[in-house]
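So the structure is just underneath, and the comments pick up after that.
Just so it is clear: chains get the letters A, B, ... in the order the sequence lines come, proteins before strands, and each one is counted from 1.
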Amino acid sequence: MKEQLKEVSKNCYTMVPKGNNIEIRVYLSQRLFNEFTEDESIFQLYNASLLPGIVSPVIGMPDIHTGYGLPIGGVMAVRYDGGVVSAGAVGMDINCGVRLMTTKISTDEIDKEIIGKILKEIAKKVPAGVGKSSEIKEFKKPDMESIALKGAKYYVEKGFGRKTDLEATEDNGCIEGGDISAIPQEALNRTDQLATIGGGNHFLEIGKIEKIFDEKLASEFGLKKKHLYVMIHTGSRGFGHQICTDYTNIMWKNSDKNGVRPPQKGLACAPILSKDGQNYLKAMACAANYAFCNRQLIMHIAREAFVDVLKKPESELGLDLLYDVAHNIAKIEKHKGIKLLVHRKGATRALPKGHPANPPCYSETGHPAIIPGSMGTASYVVVGTDKIEETFCSVNHGAGRSMSRKKARSEFSKKDFRKQVGNVIVSTSNIKSLLDEAPLAYKDIDEVVYTLVEAGLTKPVARLKPLGVIKGEGEEA
DNA sequence: ATGTCC
């Protein structure tokens, strides 16, 4: 399908399939287009365009790659009235997202050994890796009703954080409408993973702010060159995964009853206003709020570790939450004057300045969109420009894989891995289990970020360079 | 991404 894509403006490729007025659009630089082999992902965008109530265009971000149903790096907007919601188009890891903390700690006053110590201290309390559950009793059997209704606020009120953290979290850390009666039993059995990182590309990272692109925005965000930052990338763990699995099954089974015919199971869906649709949104809100709590708790534990190791009060260290933003979620939003449900799967919301849904502290700047790169390379903070409405206010969510996990594991040796991550401290000695996370298994983060910058959609604020990272062990073979 | 096939 790649041959059918035509570049209509800088880095913006589109096609409008016959018999369907919905535009398929993907943002790629010249280099990313030349290297593009993910034909299947374009076909997935096309399949999504066939669903009822879709609003043109269906969009692929520069980090697009084939997923289950909708590709990762996909944006699918649907009319709230008459449209459908698809669990697969939100993704398995509901409210997978990133939070970024700034600090008052300059890298001049800290050495590698200290960073290793802090990471070790955090790792003692925050398990990482597939299947890991919390070892802290309080988090093993959480009050799901409170989490569903209050989100991150529930734990902030219990002392795990500051009130100001909520103002710096998307939707104040709470998606409304959470209702535990909509959670299937199987998922209710998987709520013991709060304060855990998980596997795959999830991580906790300490790094330094390497480069500032926009002095004014950076200073408003409190991003100072050479200062340390802490980034947390994780989601709703097995809980969200189970909700996606269960509702995909429910929606698929009830396709005829609900009068929808998704082209494949990964796009199983139900009318937004149907019982199945509403129940999914209630359960999705619960998983999203669980993920906000997960990142809130990990952040709190990280703050404690900094205080313990550096023996300074928290106020002296900063450790302020810059922002927490989801990149796997469906949200009710108004675009072009229409009430829509915007599915972002591996895509980050980036509201421009002046947008009413911005948190008050970012109304004059637009909120920071946090784009994590692969381990060992770099991450970015960007903001959406006044053109960002073109993508329903969405940007990419990371570098995007350039190689399957399987291929990366067969391609790279432990030595290759060490070389690729360079000086970055890695929490585990089991490097073999991290080969699929090697930097070269991902696209070039600079290229991916600049694709949208050149398209006029984003403005880079800062480039962040990792110094040390906690990663969960994955598969070895 | 994921108790990577209860």
Between CD of E475(A) and C1' of dC5(B) the distance, given in whole Å, is 12 Å
Do E476(A) and N430(A) have side-chain heavy atoms sitting under 4.5 Å apart? yes
Residues pairing under ring-ring contact (aromatic ring centres under 6.0 Å, His included) where one sits in residues 399-434 of chain A, two or more places apart or in two chains, turn out to be none
Rounded to whole Å, the CD1-P distance (I72(A) to dT2(B)) equals 12 Å
So the salt bridge (charged side-chain N to carboxylate O under 4.0 Å, His left out) pairs with at least one residue in residues 459-469 of chain A (sequence neighbours excluded) are E210(A)-R463(A), D214(A)-K459(A), D446(A)-R463(A)
Separation of dT4(B) atom C1' from D93(A) atom CG, nearest Å, is 14 Å
Here the distance between atom P of dT4(B) and atom NZ of K132(A), to the nearest Å, is 13 Å
The complete set of salt bridge (charged side-chain N to carboxylate O under 4.0 Å, His left out) pairs with one or both residues in residues 31-42 of chain A, sequence neighbours excluded, reads R31(A)-E35(A), R31(A)-D444(A), R31(A)-E447(A)
Between OH of Y68(A) and P of dT4(B) the distance, given in whole Å, is 16 Å
Note: contacts of residues 232-241 of chain A with DNA chain B (heavy atom, under 4.0 Å) are R237(A), G238(A), H241(A)
Taken in chain and number order and not counting sequence neighbours, the residues that satisfy salt bridge (charged side-chain N to carboxylate O under 4.0 Å, His left out) with R237(A) are none
Between CD of Q242(A) and C1' of dC5(B) the distance, given in whole Å, is 13 Å
E186(A) CD to dC6(B) P, in whole Å, measures 9 Å
Rounded to whole Å, the CG-C1' distance (L434(A) to dT4(B)) equals 15 Å
By salt bridge (charged side-chain N to carboxylate O under 4.0 Å, His left out), D436(A) pairs with (sequence neighbours left out) R405(A), R409(A)
